[in-house]
Engineer: 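Take this structure, written in C-alpha cells, and hold onto it; I'll ask about it next.
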Amino acid sequence: MSFLSSLFAALAFTIIPSLKSATFSSNNSEWKYMDGTRQILTASEIRSIISDPSEYSLTLNIGREHFAGNIEGYKLEISKEGITVHAATNAGAIYAIQTLLQASAEGKLTEGIIVDEPAHQYRGLLFDVSRHFQSVEFIKKQLDAMAFLKLNRLHFHLDDSVGWRLELESHPELVSTSAFRKELYYVKPSTFIGVPEGYIPGTVWNKPGCYGGYYTKAQMKEIIEYADSLNITIIPEIEIPGHSGELHASHPELFCPTADISCESICP
C-alpha cells in the first residue's frame with residue numbers, strides 16, 4: 001500500500017459514513033473549527049457557516065452548475081489557499097461541513113479533494129417518544145447528531161398504547177386523557193391519569209404518579225422546521241387501529257362492546 005493510500009485509509013475510517021472517493025496529499029491545512037474538540041454543530045451554527053462562509057475560511061458554490069451529481073452530494077477541495085465546497089443544494093453543503101468537522105476531529109486537516117454523495121436515499125432513525133417522552137431540546141440535540149452522521153429521515157413514533165404525544169386542536173381529549181400515565185415503564189393495561197394541573201406542554205412532569213407529556217402544535221412545528229434546516233424529513237407514526245390502548249382511554253366507543261381497558265385494537 002502506498003503512503004497516500006495508507007493515509008486515506010486511516011482518514012476514511014474516521015469519517016462516518018465512509019467517503020465515496022478522496023485523494024489526499026501529505027500536507028496539512030487549517031479550518032476555524034479545527035481544534036480537535038468540536039464534535040457536533042447545532043443547526044444555528046451550520047446556518048451561520050452557510051450564510052457567511054468567508055467568516056469560517058470557506059468558499060461555498062451551491063447550485064447545479066457547481067455540482068451535477070446527487071442533490072445531497074458535494075465536492076470538497078482542501079488546500080493551503082483555502083477550503084472550497086461545491087454542492088448542488090444546501091443539503092450537500094451541510095454534509096460537506098460535517099465531513100470537515102469529522103476530518104479535523106483530531107486537530108489536523110489533510111489537504112486533498114473529496115467527492116462524496118449518499119449511497120442510500122433513505123438514511124433513518126426511529127425515536128419512540130410514546131413509551132418515554134423527551135423534551136423539544138432533547139429532540140433537537142438528537143437531530144444535530146443525526147445530521148453529523150448524514151442521516152436524513154426521522155421516524156417519529158408519536159403514539160402507542162402507553163401514551164399519546166401530539167396535540168390535535170380537533171381532538172384535545174387525546175392529550176388531556178392519554179398523555180400521562182401512572183407507571184414509568186410499560187404495564188398492560190396502562191393507567192392514564194390525564195394532564196396534571198399546572199403542566200407546561202412539552203416538558204417532563206416529575207411529580208409522583210405522573211409520567212409523560214406531549215408536544216403542542218407550535219412545538220411540533222418548531223421541531224419540523226429545525227429538522228428541515230438539517231435536511232431531515234420527519235415521518236410521523238400514528239398507530240391505528242392496533243396498539244391503541246391510549247385511544248381506548250379517551251374513545252371507548254371505538255372498541256368492541258365487550259372489550260376491557262386492556263384492549264389495544266379498534267373494533268373493525
Engineer: Between Leu247 and Asp159, is any pair of side-chain heavy atoms under 4.5 Å apart?
Structural biologist: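 No, too far: nothing below the 4.5 Å cut-off.
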Engineer: When you look at Ile113 and Leu76, which way does the side chain to side chain contact (heavy atoms under 4.5 Å, CB included) test go after all the steps?
Structural biologist: CA-CA 6 Å; Ile113 297 176; Leu76 187 57; over 6 Å; no
Engineer: Let me confirm one number: the CG-CG distance from Leu154 to Leu126, rounded to the nearest 0.5 Å.
Structural biologist: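 CG of Leu126 is found 8.0 Å from CG of Leu154.
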Engineer: Is a donor on one side and an acceptor on the other found under 3.5 Å between the side chain of Thr89 and the backbone of Ile71?
Structural biologist: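 Side chain of Thr89 to backbone of Ile71: a pair is present.
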Engineer: Do the ring planes of Tyr199 and Tyr214 sit parallel (below 30°), tilted (30 to 60°) or perpendicular (above 60°)?
Structural biologist: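 Tilted: the ring planes of Tyr199 and Tyr214 meet at 30° to 60°.
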Engineer: So for atom NZ, which belongs to Lys80, do other residues, nucleotides or ligands contribute more than 12 heavy atoms lying within a distance under 6.0 Å?
Structural biologist: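 Result for NZ/Lys80: enclosed.
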Engineer: Backbone N or O of Ile78 within a donor-acceptor pair of the Ser29 side chain at under 3.5 Å?
Structural biologist: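 Here the side-chain-to-backbone pair does not exist.
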Engineer: Walk me through whether Leu166 and Trp164 qualify under side chain to side chain contact (heavy atoms under 4.5 Å, CB included).
Structural biologist: CA-CA 6 Å; Leu166 179 63; Trp164 186 283; 4.0 Å; yes
Engineer: Take Glu77 and Lys75 through the salt bridge (charged side-chain N to carboxylate O under 4.0 Å, His left out) test and state the conclusion after the steps.
Structural biologist: CA-CA 7 Å; Glu77 298 175 335; Lys75 180 180 180 181; 3.5 Å; yes
Engineer: Using a 4.5 Å cut-off on heavy atoms from C-beta on, say whether the side chain of Val195 contacts that of Trp205.
Structural biologist: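 The answer is no, as the side chains (C-beta and beyond) never meet within the 4.5 Å cut-off.
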Engineer: Minimum heavy-atom separation for Ser229 to Tyr226, with atom names?
Structural biologist: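 Smallest heavy-atom distance, with atoms named: OG-O, 2.6 Å.
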Engineer: Would you say Asn152 and Tyr95 make side-chain contact, with heavy atoms under 4.5 Å?
Structural biologist: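 Asn152 vs Tyr95: side chains touch.
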Engineer: Can you tell me how far apart NZ (Lys182) and OG1 (Thr191) are? Round to the nearest 0.5 Å.
Structural biologist: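 If we round to the nearest 0.5 Å, Lys182:NZ and Thr191:OG1 are 6.0 Å apart.
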Engineer: Side chains of Glu30 and Ser57: donor-acceptor distance under 3.5 Å anywhere?
Structural biologist: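 No - no donor-acceptor pair under 3.5 Å links their side chains.
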Engineer: Supply the atom-to-atom distance Ile49 CD1 to Leu60 CG, rounded to the nearest 0.5 angstrom.
Structural biologist: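 It is 9.0 Å, given to the nearest 0.5 Å.
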Engineer: If I compare all heavy atoms of Ala93 with all of Ile50, which pair ends up nearest, and what's the gap?
Structural biologist: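 Of all heavy-atom pairs spanning Ala93 and Ile50, the closest is CB-CD1, 4.4 Å.
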Engineer: Side-chain contact, heavy-atom cut-off 4.5 Å: Leu41 with Leu101?
Structural biologist: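 The answer is yes, as the side chains (C-beta and beyond) meet within the 4.5 Å cut-off.
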Engineer: With a 3.5 Å distance limit and no angle check, can you tell me whether Ser130 reaches the backbone of Gly163 through a side-chain donor-acceptor pair?
Structural biologist: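 Confirmed, Ser130 side chain pairs with Gly163 backbone.
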Engineer: When you measure from the side chain of Ser178 to the backbone N and O of Glu246, does any donor-acceptor pair fall under 3.5 Å?
Structural biologist: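 Confirmed, Ser178 side chain pairs with Glu246 backbone.
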Engineer: Please walk me through it: do Phe255 and His248 pass ring pair (Phe, Tyr, Trp, His ring centres under 6.0 Å)?
Structural biologist: CA-CA 7 Å; Phe255 294 75; His248 193 171; 4.2 Å; yes
Engineer: Would you call Asp160 and Arg131 a salt bridge, taking side-chain N to carboxylate O under 4.0 Å as the test?
Structural biologist: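 Salt bridge between Asp160 and Arg131, a charged N being under 4.0 Å from a carboxylate O: yes.
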Engineer: Taking 4.0 angstrom as the limit, do Glu117 and Lys150 come out as a salt bridge?
Structural biologist: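 Salt bridge absent between Glu117 and Lys150.
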Engineer: Under the criterion side-chain hydrogen bond (donor to acceptor under 3.5 Å, both in side chains), I'd like the reasoning laid out for Ser79 against Glu111: C-alpha separation, chi angles, the key distance, then a yes or no.
Structural biologist: CA-CA 5 Å; Ser79 70; Glu111 292 185 22; 5.6 Å; no
Engineer: Is there a donor-acceptor pair under 3.5 Å between the side chain of Arg64 and the backbone N or O of Gly69?
Structural biologist: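 Yes; judged by distance alone, with no hydrogens or angles, the pair exists.
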Engineer: Centroid-to-centroid, Tyr211 to Phe133, below 6.0 Å?
Structural biologist: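 Between Phe133 and Tyr211, which both carry aromatic rings, the centre distance is not below 6.0 Å.
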Engineer: Got more than 12 heavy atoms from elsewhere within 6.0 Å of CD, Gln121?
Structural biologist: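 Counting other residues, nucleotides and ligands, CD of Gln121 stays at 12 neighbours or fewer.
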Engineer: Following the transitive rule for hydrophobic clusters with a side-chain heavy-atom cut-off under 4.5 Å over Ile, Leu, Val, Met, Phe, Trp and Tyr, establish whether Val204 and Phe138 coincide in one cluster.
Structural biologist: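 Shared cluster, yes.
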Engineer: Honestly curious: do Leu174 and Phe192 fall in one hydrophobic cluster under the side-chain, below-4.5 Å linking rule?
Structural biologist: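 Per the 4.5 Å side-chain linkage, Leu174 and Phe192 are not co-clustered.
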Engineer: For Ser48 and Ser44, indicate whether the former's side chain and the latter's backbone hold a donor-acceptor pair under 3.5 Å.
Structural biologist: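 Checked: no pair found.
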Engineer: Measuring from atom CD1 of Ile97 to atom CG of Asn90, what distance do you get when rounded to the nearest 0.5 angstrom?
Structural biologist: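 It comes to 9.0 Å.
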Engineer: Under a 4.5 Å cut-off applied to non-hydrogen side-chain atoms, are Ile139 and Leu143 in contact?
Structural biologist: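 A side-chain contact exists here, since the closest heavy-atom pair is under 4.5 Å.
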Engineer: So how far is it from Ile223 CD1 to Ile232 CD1, rounded to the nearest 0.5 Å?
Structural biologist: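 CD1 of Ile232 is found 12.0 Å from CD1 of Ile223.
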Engineer: Is a donor on one side and an acceptor on the other found under 3.5 Å between the side chain of Gln219 and the backbone of Thr216?
Structural biologist: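 Pair found, side chain donor or acceptor close to backbone of Thr216.
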Engineer: Are Leu109 and Tyr56 grouped together when hydrophobic residues (ILVMFWY) are joined by side-chain heavy atoms under 4.5 angstrom apart?
Structural biologist: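 Same cluster: Leu109 reaches Tyr56 through Ile, Leu, Val, Met, Phe, Trp or Tyr contacts under 4.5 Å.
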Engineer: If you define the side chain from C-beta out and look only at heavy atoms, does anything of Phe148 sit under 4.5 Å from Leu230?
Structural biologist: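 The answer is no; the side chains never approach within 4.5 Å.
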Engineer: Which heavy atom of Tyr74 sits nearest to which heavy atom of Ala87, and what is that distance?
Structural biologist: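 Smallest heavy-atom distance, with atoms named: CB-CB, 4.3 Å.
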Engineer: Knowing that exactly one of Val129, Asp128, Ile238 qualifies, which makes a side chain to side chain contact (heavy atoms under 4.5 Å, CB included) with His157?
Structural biologist: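 The side chain to side chain contact (heavy atoms under 4.5 Å, CB included) with His157 is passed solely by Asp128 among Val129, Asp128, Ile238.
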Engineer: Give a yes or no answer on whether the side chain of Glu55 reaches the backbone of Asp52 with a donor-acceptor pair at less than 3.5 Å.
Structural biologist: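 No.
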Engineer: Starting from the C-alpha separation in whole Å, work towards a yes-or-no answer on side chain to side chain contact (heavy atoms under 4.5 Å, CB included) for Val162 and Val187.
Structural biologist: CA-CA 8 Å; Val162 285; Val187 176; over 6 Å; no
Engineer: Under 4.5 Å between side-chain heavy atoms, counting indirect links through other Ile/Leu/Val/Met/Phe/Trp/Tyr residues: same cluster for Ile94 and Ile16 or not?
Structural biologist: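 Yes, same cluster.
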Engineer: With a cut-off of 6.0 Å (strictly less than), are more than 12 heavy atoms of other residues, nucleotides or ligands near CG of Leu184?
Structural biologist: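 More than 12 within 6.0 Å, yes.
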Engineer: For Asp144 and Gln142, run side chain to side chain contact (heavy atoms under 4.5 Å, CB included): C-alpha distance rounded to whole Å, both residues' side-chain angles, the deciding distance at 0.1 Å, then the answer.
Structural biologist: CA-CA 5 Å; Asp144 292 336; Gln142 307 314 306; over 6 Å; no
Engineer: For the residue pair Phe127 and Phe156, does the interplanar ring angle fall in the parallel (under 30°), tilted (30 to 60°) or perpendicular (over 60°) class?
Structural biologist: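 Plane angle over 60°, so perpendicular.
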Engineer: Report the C-alpha distance between Arg123 and Glu72 in whole Å, list the side-chain angles of each, state the deciding distance to 0.1 Å, and finish with yes or no for salt bridge (charged side-chain N to carboxylate O under 4.0 Å, His left out).
Structural biologist: CA-CA 12 Å; Arg123 306 178 303 282; Glu72 295 180 293; 2.9 Å; yes
Engineer: If you round to the nearest 0.5 Å, how far is NZ of Lys217 from NZ of Lys221?
Structural biologist: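 One gets 8.5 Å once the value is rounded to the nearest 0.5 Å.
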Engineer: Taking Val115 as the starting point, is it possible to reach Ile15 by hopping between hydrophobic residues whose side chains are less than 4.5 Å apart?
Structural biologist: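 No; Val115 is not reachable from Ile15 via cluster members.
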Engineer: Is a donor on one side and an acceptor on the other found under 3.5 Å between the side chain of Ser244 and the backbone of Gly242?
Structural biologist: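 Yes: the side chain of Ser244 pairs with the backbone of Gly242.
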Engineer: Surrounding CD of Glu169 (heavy atoms of other residues, nucleotides or ligands, distance under 6.0 Å), is the total greater than 12?
Structural biologist: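 Result for CD/Glu169: open.
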Engineer: Do you know the tightest heavy-atom contact between Ser170 and Pro172?
Structural biologist: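 Smallest heavy-atom distance, with atoms named: C-CD, 3.6 Å.
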Engineer: Short question: side chain of Arg165, backbone of Ala179 - any donor-acceptor pair under 3.5 Å?
Structural biologist: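 Yes: the side chain of Arg165 pairs with the backbone of Ala179.
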Engineer: May I ask you to test the Pro118-Asn70 pair for a side-chain heavy-atom distance under 4.5 Å?
Structural biologist: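 Yes, at least one pair of side-chain atoms sits under 4.5 Å.
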Engineer: Is Thr177 close to His251 at the side-chain level, that is, under 4.5 Å between some pair of heavy atoms?
Structural biologist: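 Contact flag for His251/Thr177 side chains = no.
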Engineer: Could you check whether atom NE2 of His155 has more than 12 heavy atoms from other residues, nucleotides or ligands sitting under 6.0 Å from it?
Structural biologist: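 Above 12, so yes.
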Engineer: Answer yes when Lys140 and Glu222 have at least one side-chain N-carboxylate O distance shorter than 4.0 Å, and no when they do not.
Structural biologist: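 Yes, Lys140 and Glu222 are salt-bridged.
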